[in-house]
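Note that the coordinates shown come from a computational prediction; the quantities given were computed from them, not determined experimentally.
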Amino acid sequence: ASFGSRPIPWHFLAFQVRETDPMQLTHETMRGVYAWFRECYPNEGCGLIDGDGRWVPVANVSPRPETAFLMAPGVAQAHGARAILHSHPNGWRCPSRTDMEAQVASGLPWGIVWIGDRTVEPPFWWDGRPRDPTGRGWRSGVHDCFNLIRWGLSLHGATVPDVPRR
């Protein structure tokens with residue numbers, strides 16, 4: 001890409017795109033999400049958006065909470081979960097293969113909040129469906145080349161299932 005005769009640095013393009021929040025969470029809700037994930041840091045934090053659209057922090061019962069999260073069995077169902085949200089502390093800014101497999105199994109939208117020592121980024125969401133890539137930044141496993149192919153084929157009536165990758 002270029003601007004006039006000067007090339008635009010790749011990092012400018014990659015980080016100028018703002019992803020939308022399909023859950024349309026309020027600022028108050030997001031303050032609660034960020035506070036919970038800061039409290040869980042440096043471990044992964046997790047929670048859900050319940051049937052009424054409220055944030056519900058959930059204990060991470062994973063035996064390896066620094067690199068994975070696990071909710072106790074039945075928690076999501078008990079709250080009528082509409083979406084699952086968890087953090088990636090100091091890690092990838094994209095879903096892991098395990099995240100993608102669990103999202104498919106749940107049938108719910110999932111979000112990831114990246115958190116570092118001094119930074120918390122807004123969540124990005126995915127639900128396994130192909131999306132129009134226009135105006136979206138590249139994100140492995142979500143807005144990537146495979147999504148572009150799936151989306152393009154969906155315009156012609158073809159359905160290509162999502163495949164966990166990475």
Checklist outcome for this item: Smallest heavy-atom separation, S140 atom then C94 atom, equals O-CB, 3.2 Å

Checklist entry - Are the side chain of R139 and the backbone of R93 linked by a donor-acceptor contact shorter than 3.5 Å? => result yes

Next on the checklist: In this structure, would V56 and L108 fall into the same cluster of hydrophobic residues linked by side-chain contacts under 4.5 Å?
Outcome noted: yes

Item to check | Interatomic spacing from CD1 in I49 to OG1 in T29 - rounded to 0.5 Å | outcome: 7.0 Å

Checklist entry - Going from CZ on R165 to SG on C145, what distance comes out if it is rounded to the nearest 0.5 angstrom? => result 9.5 Å

Next on the checklist: Are V113 and L85 packed together at the side-chain level, in the sense that at least one heavy-atom pair is separated by less than 4.5 angstrom?
Outcome noted: yes

Checklist entry - To the nearest 0.5 Å, what is the distance between NE2 (H86) and OG (S62)? => result 11.0 Å

Checklist entry - When you measure from the side chain of T119 to the backbone N and O of G116, does any donor-acceptor pair fall under 3.5 Å? => result no

Checklist entry - Using 4.0 Å as the upper bound for N to carboxylate O, is an ion pair formed by D162 and R150? => result yes

Next on the checklist: N90 vs D117, test: side chain to side chain contact (heavy atoms under 4.5 Å, CB included). Steps then yes/no.
Outcome noted: CA-CA 8 Å; N90 298 320; D117 290 331; 4.3 Å; yes

Next on the checklist: Tell me whether D132 contacts the main-chain N or O of T134 through its side chain, where contact means a donor paired with an acceptor under 3.5 Å.
Outcome noted: yes

Next on the checklist: How about CZ on R97, more than 12 heavy atoms from neighbouring residues, nucleotides or ligands closer than 6.0 Å, or not?
Outcome noted: yes

Checklist entry - What closest approach, in Å, do N147 and P130 show between heavy atoms, and which atom pair accounts for it? => result OD1-CA, 3.2 Å

Next on the checklist: Contact between D99 and F69 at the side-chain level, heavy atoms closer than 4.5 Å - yes or no?
Outcome noted: yes

Item to check | Residue among V61, N60, I84 satisfying side-chain contact (heavy atoms from CB on, under 4.5 Å) with M71 | outcome: I84

Checklist outcome for this item: Closest non-hydrogen atoms of A76 and L48, given as atom of the first, atom of the second and distance, are CA-CD2, 3.8 Å

Checklist entry - Is there a side-chain contact between W151 and P133, using heavy atoms and a 4.5 Å cut-off? => result yes

Checklist entry - Does D127 offer a backbone N or O that forms a donor-acceptor pair with the side chain of Q103 under 3.5 Å? => result yes

Item to check | Common cluster, L155/I149, ILVMFWY with side-chain heavy-atom separation under 4.5 Å | outcome: no

Item to check | Closest non-hydrogen atom pair, H88 against W114 | outcome: O-CD1, 3.3 Å

Checklist entry - Just wondering, do H143 and W126 contact through their side chains at under 4.5 Å, heavy atoms? => result no

Item to check | Minimum-distance pair of heavy atoms, taken over all atoms of M30 and P123 | outcome: CE-CD, 3.4 Å

Next on the checklist: Applying ring-ring contact (aromatic ring centres under 6.0 Å, His included) to F37 and W55, what does each step give before you reach the verdict?
Outcome noted: CA-CA 12 Å; F37 290 158; W55 163 246; 5.7 Å; yes

Next on the checklist: Could you check whether any side-chain heavy atom of S87 comes within less than 4.5 Å of a side-chain heavy atom of E44, counting everything from C-beta outward?
Outcome noted: yes

Checklist entry - Is any side-chain heavy atom of I112 less than 4.5 Å from a side-chain heavy atom of W125? => result no

Checklist entry - Hey, would you say the W92 and F124 ring centroids sit under 6.0 Å apart? => result no

Item to check | 4.5 Å side-chain heavy-atom contact, D144 and W138 | outcome: yes

Checklist entry - Going by heavy atoms in the side chains, are R82 and D50 under 4.5 Å from each other? => result no

Checklist entry - Taking all atoms of both residues into account, what is the closest heavy-atom pair of Y34 and V120, and its distance? => result CD2-CG1, 3.3 Å

Checklist entry - Does atom CZ of R129 have more than 12 heavy-atom neighbours from other groups under 6.0 Å away? => result no

